[in-house]
Amino acid sequence: MNSTVLTDMRKKRILAGCTFLILALAMISESLAVIQTPMLEKLGATAYFSLVAIIGSIGTAIFTPIGGKLGDLFGRRNVILFAGIAAIAANLVVALSDSFAPFLIGRFVMGSALGAYISTPYVLANELNAKENVPRMMGILASAMSLGGLLGGYCAGVLWKSGQQFLSIAFPSFFLLIGVLLVALNLPNRKKEGKVALDKAGILVLSIALTAGLVGINMATRNGFGDTKALALLAIGIVATVVFVQVEKKAQEPLIPMHLFKNRQYCSMLLVGFIAYFYVSSMRVYGPRAVIGVLGMETSVAGQLQIPRTLITIVLSALAGVWVGKKQANRWKAMAIATLLVAIPFLVLSTTTPSTPLWLYLAMFGVTGIAESFRSVSVTPSAQAVLEPKEIGVGTALVNFMNTLAFPIASSLFGIAYDLPTSSDPTNAALINQGINNVFLTSGIIALIGFIFVLLVVRKFFRKEA
């Protein structure tokens, strides 16, 4: 896309729209996490809590790479417009649902629509900014993501408690509509020239691979990896993945061009992004579990664990982006910070005992806010920088796709680490303590491996460029 046809004012409106889109996405995700339990109680479907969670993540996982390709083929404006409207409609369906079936369908459609547009703001950030300003814009988007998560969860809880059940689910749609309008009214739609071919076979096989794989991982985490159904689904997912690779090699317009994986520098960015995001599952799930089950605190206290981290990310992300944009070498340094400042806090927390002070958890999770700030402004811009212009859309989508996959894969691994000591007696406080420490130790070691990888591999790429 040639951004020179746009005035500076229109660029600013588009980028403001992108910020609202990311803000709304985070609001929707966190608000649904907060009200999912009482909503399912209202619908008489509490037994389906895990199913609802996995259905939403499957939709997002499937449509993240698809959305990136659709933007290349049909134009980024059209993707934002149609995916945004679909997400708003699905959000309202979920808010108005008085039975489980429309709620579940709306949740899947909403997750799919969010996945379809999630990469486009990051693509536009690259296309509408000078190269040195891209990390700063990525920082702004990261701040919007953190702010949206904070406001989304808080507002949803307050509104639901006050009896405003419809608003507790629907309020993010207002911010999403602002983002859609700002982009749709200011961004000219650019379609790929010539005949457009959509990789239908690739979409089908990818959907099978992700659905079977993610449901299999979820089932194995709950029932154990000896569960026959879980093993069957995992096998289907693996076979479908192999078939998907072969289909993509022959496709005229592949969803994921396989030659991208021959780009060693790009692949290194994918790996760093995956590792740097891996810890989030342990923080969100096992952090509150530790505070309640080991430190003996109340649920309300556990809900405040991420507030310092969120505030740090909101403030620091844009500043980190400015620093990264000043010099090429700052990118690998930012990735080193992003992995090291995850490894240290979780290695510290892996020594948790009942006497561990709460302030230590608040401080260590706050440190991960610094890590997240530097991750968000370094990995995606660095991956985009080594791609051809025609591959920016699908390449950026693949970076986001790896982040999406990190959560269920990490959840499965952490579930094993937690279950090793606790399976014999899930209520034993000492065993719970040991299981949580196992999770935090695993998270810290993986982040430390990422830090070493940045020093030994990623740094060399940037030295060559310099």
Side-chain angles (χ1 to χ4, degrees), residues 1-32 59-60 63-64 66-68 70-96 106 109-129 133 137-152 155-156 159 166-191 318 392-393 396-397 400:
M1 173 183 174
N2 183 4
S3 61
T4 57
V5 299
L6 295 172
T7 64
D8 288 341
M9 181 55 68
R10 292 185 73 182
K11 288 182 185 179
K12 289 178 181 179
R13 290 171 183 167
I14 294 167
L15 294 174
C18 290
T19 305
F20 272 101
L21 291 172
I22 295 300
L23 180 75
L25 184 149
M27 281 185 167
I28 290 173
S29 300
E30 291 301 322
S31 63
L32 287 176
T60 303
F63 275 87
T64 296
I66 293 174
L70 292 177
D72 289 338
L73 296 179
F74 303 120
R76 315 222 188 279
R77 176 184 174 274
N78 282 349
V79 169
I80 291 292
L81 182 61
F82 290 108
I85 290 174
I88 291 171
N91 188 230
L92 296 178
V93 167
V94 170
L96 292 169
V109 173
M110 185 160 50
S112 303
L114 295 177
Y117 87 66
I118 188 173
S119 299
T120 307
Y122 297 98
V123 175
L124 293 174
N126 179 275
E127 293 181 341
L128 301 180
N129 281 287
N133 292 331
M137 186 62 207
M138 294 293 179
I140 292 173
L141 294 179
S143 296
M145 181 73 80
S146 296
L147 179 61
L150 182 64
L151 293 179
C155 292
L159 288 170
F166 172 79
L167 285 178
S168 70
I169 301 173
F171 77 92
S173 291
F174 173 73
F175 298 92
L176 182 52
L177 181 61
I178 293 175
V180 170
L181 291 177
L182 282 171
V183 174
L185 295 176
N186 291 282
L187 179 67
N189 199 50
R190 296 286 191 273
K191 298 180 181 180
I392 291 293
T396 304
N400 288 318

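We count residues from 1, following the sequence as given. Computed over heavy atoms, backbone and side chain alike; hydrogens, waters and symmetry mates excluded.
Taking all atoms of both residues into account, the shortest heavy-atom contact from V79 to A116 is CG1-O, 3.4 Å. Minimum heavy-atom separation, N91 to P172: OD1-CD, 4.4 Å. Residues L159 and L167 approach most closely at CD1-O, 3.7 Å, considering heavy atoms. The shortest non-hydrogen separation linking L187 to R77 is O-CD, 2.8 Å. Contact detail for A86 and V109: the closest heavy-atom pair is O-CG1, 4.4 Å. Considering every non-hydrogen atom in both L25 and I118, the closest pair reads CD1-CG1, 3.7 Å.
The shortest side-chain heavy-atom distance between V123 and E127 falls under the 4.5 Å cut-off. Residues T396 and N126 fail the side-chain proximity criterion, which asks for heavy atoms closer than 4.5 Å. At least one side-chain heavy atom of L32 sits less than 4.5 Å from a side-chain heavy atom of M110. Residues L15 and N129 are in side-chain contact: their nearest non-hydrogen atoms beyond the backbone lie under 4.5 Å apart. Counting heavy atoms from C-beta outward, F171 and M27 have side chains that approach closer than 4.5 Å. Counting heavy atoms from C-beta on, the side chains of K11 and T7 never come closer than 4.5 Å.
Summarising the geometry, atom CD1 belonging to I80 is positioned 11.0 Å from atom CG belonging to N189; distances are rounded to the nearest 0.5 Å. Rounding to the nearest 0.5 Å places CG of L23 at 5.5 Å from CG of L147. Distance CD1/I88 to CZ/F174: 11.0 Å, rounded to 0.5 Å. Separating the CG atom in L124 from the CD1 atom in I392 is a distance of 11.5 Å, to the nearest 0.5 Å. We find the OG-CZ distance between S119 and R76 to be 9.5 Å, quoted to the nearest 0.5 Å. Separating the SG atom in C18 from the CD1 atom in I22 is a distance of 7.5 Å, to the nearest 0.5 Å.
Remark: side-chain polar atoms of N78 are paired, donor with acceptor, to backbone N or O of F74 under 3.5 angstrom. A donor-acceptor pair is defined here as one N or O able to donate and one able to accept, closer than 3.5 Å; no such pair exists between the side chain of R13 and the backbone of L182. Looking at Y117, its side chain never comes within 3.5 Å of a backbone N or O of A87 through a donor-acceptor pair. Between the side chain of T60 and the main chain of G111, a donor-acceptor pair closer than 3.5 Å is present. Under a 3.5 Å cut-off, the side chain of R10 and the backbone N or O of N186 do form a donor-acceptor pair. A donor-acceptor pair under 3.5 Å links the side-chain atoms of S31 to the main chain of I28, judged by distance alone.
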Chi angles and distances behind the side-chain hydrogen bond (donor to acceptor under 3.5 Å, both in side chains) call for T64, N400: CA-CA 7 Å; T64 296; N400 288 318; over 6 Å; no
Under the side-chain contact (heavy atoms from CB on, under 4.5 Å) rule, what do L141 and M145 come out as? Steps first, then yes or no, please. CA-CA 6 Å; L141 294 179; M145 181 73 80; over 6 Å; no
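More than 12 heavy atoms of other shown residues, nucleotides or ligands fall within 6.0 angstrom of atom CZ in F166.
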